[in-house]
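Below is one structure, written out as structure tokens, with a few remarks after it.
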Amino acid sequence: MIFSIDCRGKSTRQINGLLREAVAAGHHEIRVLEPDARHNLAVALLQPIHVIFEGSVGYYCAGMIDGATIEIRGSAGWGTAESMLSGTVVIDGHAGSGVAASIRGGTVVVRGDAAARAGVSMKGGTLLIGGSCGYMAGFMMQKGRIIICGDAGEALADSMYEGVVYVGGQIAELGNDAVIEEPTVEEHAALNDLVASYKLYAPAAFRKIVSGRKLWNFDRKDLDLWKVAL
């Protein structure tokens, strides 16, 4: 049986308190009705539960979760799933700036478009964007992968240390020290399988962006590049 929480007339603190009470009572699937774009919902859930938001959410939803599955049947504001350790977050609509920032594991799926700075400082995990994304996606990324089925904005993968970004559409501009490689046949097959598993449309082909590693260690010959990056 699915447990339901109606957000109408309740504060964010009350809603999150009811979520924790439901988890403590042993409920594994929870529907949150009328979230009405409230901020900071479902933060720091540390159990393998399934939470479904029936509507759009505001800033920082599902931040710092570890093991939960969060389904957002609408769009999401800034910082969704920030610092997630593990779990799954699926956004049926669009995502604001900084989606999946600093995640260490798990999977974040945006079925629509993502705004600026998607996946910045990622330290693991997967960010899958079914549409396009704004500028500085993958900025200072340290590990993990970002898959963009549509177009990518300026400064893509700027100052990326490690990790990989795949883009199916146009790239407005590569960031500092970002270079394009050719994906393998196996990579293409794995990407197509992942995209299909979330019922998204895969592009005809992906381009692969990785770090050029010029910023790994300071070299006076690369001083101009460092000046731009800093």
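Keep in mind the model is a prediction, meaning the values are calculated, not measured. Reckoned from all heavy atoms, side chains included, excluding hydrogens, waters and symmetry mates.
- Asp66 and Ser86 get closest at one heavy-atom pair: OD1-OG, 2.6 Å.
- For Thr80 against Gly77, the heavy-atom pair with the smallest separation is OG1-O, 3.1 Å.
- A 4.5 Å side-chain heavy-atom check between His188 and Phe206 finds at least one atom pair inside the cut-off.
- With hydrogens and angles disregarded, no donor-acceptor distance shorter than 3.5 Å links the side chain of Asp177 to the backbone of Ser159.
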Worksheet item: His39 and Thr12: side-chain contact (heavy atoms from CB on, under 4.5 Å), yes or no, with the steps?
Response: CA-CA 7 Å; His39 306 319; Thr12 296; 5.6 Å; no
Practice prompt. Would you check, one step at a time, whether the test side-chain contact (heavy atoms from CB on, under 4.5 Å) holds for Leu200 with Arg111?
Written response: CA-CA 7 Å; Leu200 299 173; Arg111 297 190 189 279; 4.0 Å; yes
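- Listed for the Asn16 side chain is a donor-acceptor partner under 3.5 Å among the backbone atoms of Ala42.
- For Thr69 (side chain) and His50 (main-chain N/O), no donor-acceptor pair under 3.5 Å exists by modelled atom type.
- Between His94 atom NE2 and Ser56 atom OG the span is 9.5 Å, to the nearest 0.5 Å.
- Counting only heavy atoms from C-beta outward, the side chains of Leu194 and Arg145 approach each other to under 4.5 Å.
- Residues Arg73 and Glu54 are paired through a salt bridge, judged by an N-O separation under 4.0 Å between the basic side chain and the carboxylate.
- In this structure, CD1 on Ile103 lies 7.0 Å from OG1 on Thr126, to the nearest 0.5 angstrom.
- For the atom pair Met141 CE and Ile146 CD1, the distance stands at 4.5 Å (nearest 0.5 Å).
- Asp151 and Ser132 get closest at one heavy-atom pair: N-OG, 2.9 Å.
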Discussion item. Working note: Gln142 + Ser121, criterion side-chain contact (heavy atoms from CB on, under 4.5 Å); need CA distance, chi angles, decisive distance, verdict.
Written reply: CA-CA 6 Å; Gln142 297 164 41; Ser121 195; 3.4 Å; yes
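- Between Val89 and Ala81, the shortest heavy-atom distance links the atoms CG2-CB, 4.0 Å.
- Between Tyr59 and Trp78, the ring planes lie parallel to each other; the angle is under 30°, not in the 30° to 60° tilted range.
- Note that the NZ atom of Lys208 and the CD atom of Glu182 stand 9.5 Å from one another [nearest 0.5 Å].
- Test Ile72, Asn40, Val99 against Cys61 for side chain to side chain contact (heavy atoms under 4.5 Å, CB included) and you get one pass: Ile72.
- Annotation: side chain of Leu128 is in contact with side chain of Val195 (closest heavy-atom distance under 4.5 Å).
- Atom CD of Glu181 and atom CD1 of Ile209 lie 10.0 Å apart (nearest 0.5 Å).
- Under the 4.5 Å side-chain criterion, counting only non-hydrogen atoms from C-beta, Val167 is not in contact with Pro203.
- Using a 4.5 Å cut-off on side-chain heavy atoms (C-beta onward), Leu18 and Val32 make no contact.
- Scanning all heavy atoms of the two residues, the minimum distance from Cys7 to Arg38 falls at O-NH2, 2.9 Å.
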